[in-house]
Visitor: 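Please read through the structure below; I'll follow up with questions.
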Amino acid sequence: MLELRRLLDDIEAMSREVTTSRQGLSALRAYGLDALARLAVVNDALLDKIDRAAAEDPSWRGAFPLGPRLDERHRPQVEPVDATLIGVDGSQIYPDRHGPFLYYLINTGAIVLRQGSGQAPLTETRPTLVFREEALYNEDQELVDNRVVNAARELAEIREMALQATAERERLGGELDRLLIVLGDGPLLIWVGEKDSRDREVQRRIAAYLAELDAIRRVGAVPIGYVDRPRSANVLRMLHVAELDLPDIVTENLRATRYRHLTDRALFEHMLGPNERSALFTSTATINRVDFRQAGQEIAFFYLNVARDPGPDAARIARVDVPVWVAEQPDLLDRVQMAIYRDCDGMDYPYVLARAHELAVVGQREREELEHMLTVALMRRGLVPMPSAKATAKRLL
Amino acid sequence: MASPLGRVLRSSTTIFTFGSLDNADLPAFGALVAAEVGPTWVYGLVYEVVIQDDPFVRQVVAATEGLTAERIEDMRQRRQVPVEITALTVAYRQGDRVYQRLPPRPPAALQPIWACDETTTAQVLADFAFFRTVLNAAHCPSEELLAASLRRAAACRPPEQEKAYLLEAGRELARLLAADLPRLDAILRRLAP
């Protein structure tokens, strides 16, 4: 039970602090926009500084520009063409040690929408129940934690993206003219901690992920990682480094960024008009610069304003991840941007991702149904699964 | 009976509700539909079609700019919100014999529901004992339903028998509703071509 009246003072204090913080961020944003304009030209000195920062602190996540200017804004001038958009999302049920049985579940949802066809899209869900002991416990015989399930979901999502792209290309009879875009909800670059990146299991995971990206490329489809309301600050970290002298680029100074708590999104809300994208960058994360680059799948990103109305208040900034091999083809990138922008019409978010999420999500009621079915199946075999006393007590409340 | 219209969501002795994902091929008001229940076929008259909404469909409807044909078809054909159709049980068949009364058991959940062809409709609604079932159903628009089902049943007969069928039905209605002339009048007006 939450006694709201006991939080009244805290609520007041919080609203005061948020207001003050917003004012501070507004000044920081103005400084950041000014820095972006002042330091707009990409030169060797800037690139050296970024490389130095990445080498100095491998956990530093900056932006490495791919174009000649940092303040580039681009609205495609191409005529929109019909594309096929595939949206994929995943959800999970984490293992619950208080539940009646130990398992976890991954469910992916996919939708294939052919723009301009007038046809109902194709939809598919793919649930995977993981219940074998070797998959539920790690080498130390501990129950796997949520990170393991998240990694499994991430892999299931990229597999589904590859599977759907391959199937759709086959349905097109192998014809490669039709633009095929596969969108996932979230970054295209998987997150791996610097400490873990050389771990054998992590390397297997990276290899499996990269193999699916290759499969997508082989069928001539474009993989996209779409991040709505991004919290990333790679560009701001780069701007901070750009203002440091080369000898001053040490870990301590890298962390003492003036832009703390500001996001790239705040900058680009004030820079990008409807359907405008920012300059292209790559993340300096080691996994991107080593593993993904070596596999020919280094990930680039840009910011895109998917709003229809102009102005910073109306702006809806997304971060769009694409492989560098896509980023290097400006015409293709323009067509991809146009197709995504078109799919965001009416929602300021890709329709295919909203639907993929709806297909993938496992609600509480479905989870209860699943556990009821499991209970019945076990009872038929003479077992009576019971939740823990704690779980039972909680359900009574 | 080519393909099922949908499957049973819930049922009782007197009505059954089924879900359909196919918005394009919804049964008409007053149409006869059937479900197999063991050795019997249970027949019902469609009296309510409910197209549910949810927050997502509201958002799509509100965003008229992005309302492409693909999105409309997606909402109509693929979303997991089925159209709910409810039928009033009026008869059942056992072997070759049709009984215009409530069946021994209602259809089970997920049982397929079929549209009845003209021959079946004409056979099942040949007698008029089902009038009382419809007239006594407080939860449905009984006058409208009876008139609609009779018009359909008449149309399922050979043209030379249509008028005779409707006249016979009118006589039966006059007998049943002799004490309720406004109601009789309401139905007869709705029977007019």
Side-chain angles (χ1 to χ4, degrees), chain A residues 80-87 89 91 107 109-125 127 168 178 181 274-275 306-309 314 316 338-363 365-366 369 373, chain B residues 2-12 16-28 49-85 106-113 115:
Chain A
V81 291
D82 292 332
T84 296
L85 271 75
I86 300 174
D89 199 7
S91 71
N107 191 41
I111 177 167
V112 181
L113 186 147
R114 298 158 184 156
Q115 290 178 331
S117 70
Q119 299 168 347
L122 308 175
T123 57
E124 191 166 6
T125 62
E168 180 62 4
R178 176 91 177 179
I181 303 169
N275 198 17
V306 296
R308 260 57 200 169
D309 298 323
R316 294 288 177 272
M338 290 296 281
I340 295 174
Y341 186 70
R342 183 172 161 192
D343 196 50
C344 289
D345 195 8
M347 304 180 89
D348 291 344
Y349 183 75
Y351 178 83
V352 290
L353 283 182
R355 285 285 284 118
H357 172 76
E358 187 186 38
L359 290 162
V361 76
V362 181
R365 200 168 154 193
E366 289 164 318
E369 282 293 319
M373 288 167 69
Chain B
S3 60
L5 293 166
R7 287 180 181 271
V8 173
L9 291 167
R10 54 188 172 274
S11 65
S12 69
F16 50 93
T17 299
F18 57 101
S20 169
L21 281 172
D22 189 354
N23 279 245
D25 197 21
L26 293 174
V49 178
V50 179
I51 297 170
Q52 308 267 13
D53 71 342
D54 64 11
F56 193 14
V57 89
R58 284 175 194 220
Q59 189 180 1
V60 171
V61 167
T64 49
E65 290 164 5
L67 207 52
T68 60
E70 299 86 61
R71 286 189 191 181
I72 292 170
E73 291 310 311
D74 185 35
M75 289 288 148
R76 286 181 178 167
Q77 295 184 41
R78 301 283 188 255
R79 296 288 310 291
Q80 290 182 352
V81 185
V83 178
E84 288 194 5
I85 302 154
L110 300 180
Q111 194 68 15
I113 298 293

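In what follows, chains are A, B, ... by sequence order, proteins preceding strands, each numbered from 1. Worth saying up front: this structure is predicted, and the values here are computed from it rather than measured.
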Visitor: Run the numbers on Tyr351(A) and Thr68(B) for side-chain contact (heavy atoms from CB on, under 4.5 Å), then give the verdict.
Guide: CA-CA 11 Å; Tyr351(A) 178 83; Thr68(B) 60; over 6 Å; no
Visitor: Decide yes or no for Leu85(A) and Glu70(B): does some side-chain heavy atom of the first lie under 4.5 Å from some side-chain heavy atom of the second?
Guide: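 Side-chain contact under 4.5 Å: no.
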Visitor: Report which part of Ile111(A) has an atom under 4.5 Å of a heavy atom belonging to chain B: side chain, backbone, both, or neither.
Guide: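 The side chain, not the backbone.
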Visitor: For side-chain contact (heavy atoms from CB on, under 4.5 Å), just list the numbers for Asp343(A) and Arg71(B), CA-CA rounded to whole Å, side-chain angles, deciding distance to a tenth of an Å, and then say yes or no.
Guide: CA-CA 10 Å; Asp343(A) 196 50; Arg71(B) 286 189 191 181; 4.0 Å; yes
Visitor: If I compare all heavy atoms of Ala69(B) with all of Gly118(A), which pair ends up nearest, and what's the gap?
Guide: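 That would be CB-CA, 3.7 Å.
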Visitor: If I take atom CZ from residue Arg355(A) and atom CE from residue Met75(B), how far apart are they, to the nearest 0.5 angstrom?
Guide: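 Reported to 0.5 Å precision, the distance equals 6.0 Å.
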